[in-house]
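Shown next, in structure tokens, is the structure this report addresses.
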Amino acid sequence: MDNDGVAEILDEIGTLLEIKGENPFKTRAYQNASRTIEGLTEPLSKIIEEDRLKSLKGIGKALQEKVTALVTTGELEYYTNLKESIPPGLIEMLKISGMGPKKIKAINDELGVDTIDGLEAACKGGELAGLSGFGKKTEQKILESLDFLRKFGTKHRIDDALAVAEPILESLRSHPDVIRCSIAGSLRRWKETIGDVDFLVSSTKPANLIDFFTSQPGILNVLAQGGTKASVNMEGGIQADLRVVSDHEFACALAYFTGSKEHNIVMRQRAIERGLRLNEYGLFRSKEETRDPKLRLDCRTEEDIFKELDLTYIPPELREDKGEFQAGEQSKLPELLKWTDLKGSLHNHSNWSDGKQSLEEVAAMADEMGCAYWAITDHSRSSFVANGLDEKRVEEQLIAIEKVNKSYEKDGNAFRLLSGSEVDILSGGKLDFDDDLMAQLDCVVASVHQGFGGSEAEMTKRIIKAAENSYVQTLGHITGRLLLTRDAYKLNQHAVIDACAETGTWIELNASPYRMDMDWRLWHYAREKGVKCVINCDAHRSAHYGFLRLGAGVARKGWLTKKDVVNTLTLKQLQKALLKKRS
DNA sequence: GCCGTTTTCGGCCCGACTGTTTTCAGTCG
């Protein structure tokens with residue numbers, strides 16, 4: 001079993017123990033070990049071979065044995081038995097807001113309820129209110145939460161989250177009692193999917209802002225409302241939380257609520273090592289947990305906090321405890337790409353295949369946005385559901401694109417449509433078009449659109465073969481995942497990256513919020529291998545052009561700089577770069 | 001279950017909010 005598999009099982013053991021009512025510190029020990037393993041950069045098998053497992057943080061004697069069993073045999077009796085002893089319905093109940101391990105255990109012990117449906121029936125029948133610690137409101141809340149979960153699920157894509165967050169942020173910003181405000185949490189870290197939207201505000205009049213927040217348009221219901229914080233459900237099913245602090249607490253609260261949890265743990269640790277104490281209220285000159293203003297260090301901004309902890313400023317996108325501390329200590333953090341560095345997109349569609357706009361409309365929109373170029377890469381013939389183009393129509397489109405470009409030239413406008421194709425990678429790695437045809441196109445993106453069921457070896461070989469074609473500059477959405485909808489097909493992404501390094505092929509960061517593919521966790525590796533990134537909208541209609549901004553955020557999360565991204569080049573530089581693999 | 005020049009026991013992050021209580025337990029982030 002590989003690292004991810006082991007990490008997942010340890011985390012699950014933690015959850016199972018929680019429901020069993022085990023000592024919470026024991027359950028946390030499993031979750032800590034899971035996190036440690038998740039963050040490893042080398043395979044566990046190697047660590048075990050070299051007998052270094054016990055030196056890992058959070059892994060003692062008992063976990064050493066369990067991890068070894070999982071890695072070497074793929075099985076663990078302790079886990080199997082534990083899992084069999086707990087009905088799966090109880091684990092599902094953890095998703096219901098307000099339901100934790102204690103309540104689940106009580107319901108199971110007292111009423112014998114062990115399924116979601118059983119829980120719903122018990123609530124409707126008023127059975128829960130009879131239990132000690134439960135009442136009418138608990139029943140009501142459980143029923144509401146169940147409804148909500150069925151309707152919306154627990155995770156949301158970044159585009160939906162931003163659509164909720166940005167208007168509220170603007171609204172808060174314009175409130176006279178707000179001193180500073182920001183989005184925090186995973187949205188500020190630019191995660192591709194998020195659980196809820198967090199806002200932080202500093203003010204001397206928190207009550208006014210709580211009232212203001214809970215009366216914003218688009219709120220379905222108020223989940224909680226106190227003196228300094230409030231939670232609401234927004235239309236579309238996204239939960240939004242507001243926290244109000246005083247302005248001298250703002251920087252530390254912002255750092256704290258931005259996370260990630262893993263990042264914060266290291267930050268606290270670094271504070272302790274320096275005789276300090278870091279929490280959401282400030283950075284204190286103290287060995288004890290405190291809020292004593294006399295011990296507070298003056299940290300007005302997040303930069304101040306990092307400086308006190310001997311680090312350069314770590315951008316929110318990098319706060320995942322994935323190497324940012326080592327780099328921050330040595331002032332080696334990259335200067336991250338800005339979305340305004342992007343000069344166009346090299347994978348887009350028009351109404352010649354499954355896009356909504358004509359070539360003229362596409363060009364006008366991209367030019368209007370200030371882009372220097374925009375590639376038309378409509379689908380190839382095998383994607384007939386998407387009205388893919390055959391050779392003849394590709395030839396016709398080339399002429400039509402040239403005509404659009406001519407009209408821009410005539411006006412003295414340097415904007416240019418680039419010709420291209422999103423060529424299907426067929427089974428076995430064969431491409432949908434011949435080299436002769438691809439040689440006439442400016443941009444070729446090769447992507448898989450059918451036959452997702454192959455083995456890891458087959459899919460990997462298939463995609464690598466496409467990368468080996470000298471007319472393919474870019475591999476499109478390499479894993480085929482659709483976030484929250486469809487899992488990636490089986491693929492050895494490291495092997496694909498290696499092949500791209502070898503062949504000089506670029507990898508797309510498909511900036512559609514449904515995809516965000518290749519995943520940000522792999523860009524660090526690609527960058528080390530010298531593989532270039534192309535951030536593409538995969539635009540099918542005008543609303544998709546804004547995906548460039550989303551993609552740039554995810555690229556930042558993958559540690560990418562302007563230099564690492566091809567579509568930051570000027571038109572001239574890009575045209576030269578596009579020919580490199582062919583020469 | 002882990003950890004320790006505070007080491008073989010007794011800590012392990014903690015504050016805000018809610019609902020059910022009548023001073024507090026459970027959940028959440």
Looking at [Y] and [X], is there a salt bridge between them, counting it only when a charged N and a carboxylate O are closer than 4.0 Å?
X	Y	result
E192(A)	R521(A)	yes
E120(A)	R150(A)	yes
R52(A)	E50(A)	yes

Taking any heavy-atom pair under 4.0 Å as a contact, classify [X]: base, sugar-phosphate, or nothing.
X	answer
K54(A)	nothing
I96(A)	sugar-phosphate
F257(A)	nothing
N32(A)	nothing

Original post:
dT22(B) and dG26(B): how far apart are their P atoms, nearest whole angstrom?
Top reply: 15 Å
Subject >> Any donor-acceptor N/O pair under 3.5 Å between dG29(B) base and D241(A) side chain >> reply: no
Original post:
Above 12 or not: heavy atoms from other molecules or residues under 6.0 Å from CD of E75(A)?
Top reply: no
Original post:
Just how far, in rounded Å, is P of dC2(B) from CD1 of I13(A)?
Top reply: 12 Å
Original post:
Would you say T138(A) reaches dT20(B)'s phosphate, i.e. side-chain N/O to OP1/OP2 under 4.0 Å?
Top reply: yes
Original post:
Below 4.0 angstrom from OP1 or OP2 of dG1(B), is there any side-chain N or O of K66(A)?
Top reply: yes
Original post:
Across all strands shown, which nucleotide pairs with dT8(B) by Watson-Crick or G-U wobble geometry, both distances under 3.5 Å?
Top reply: none
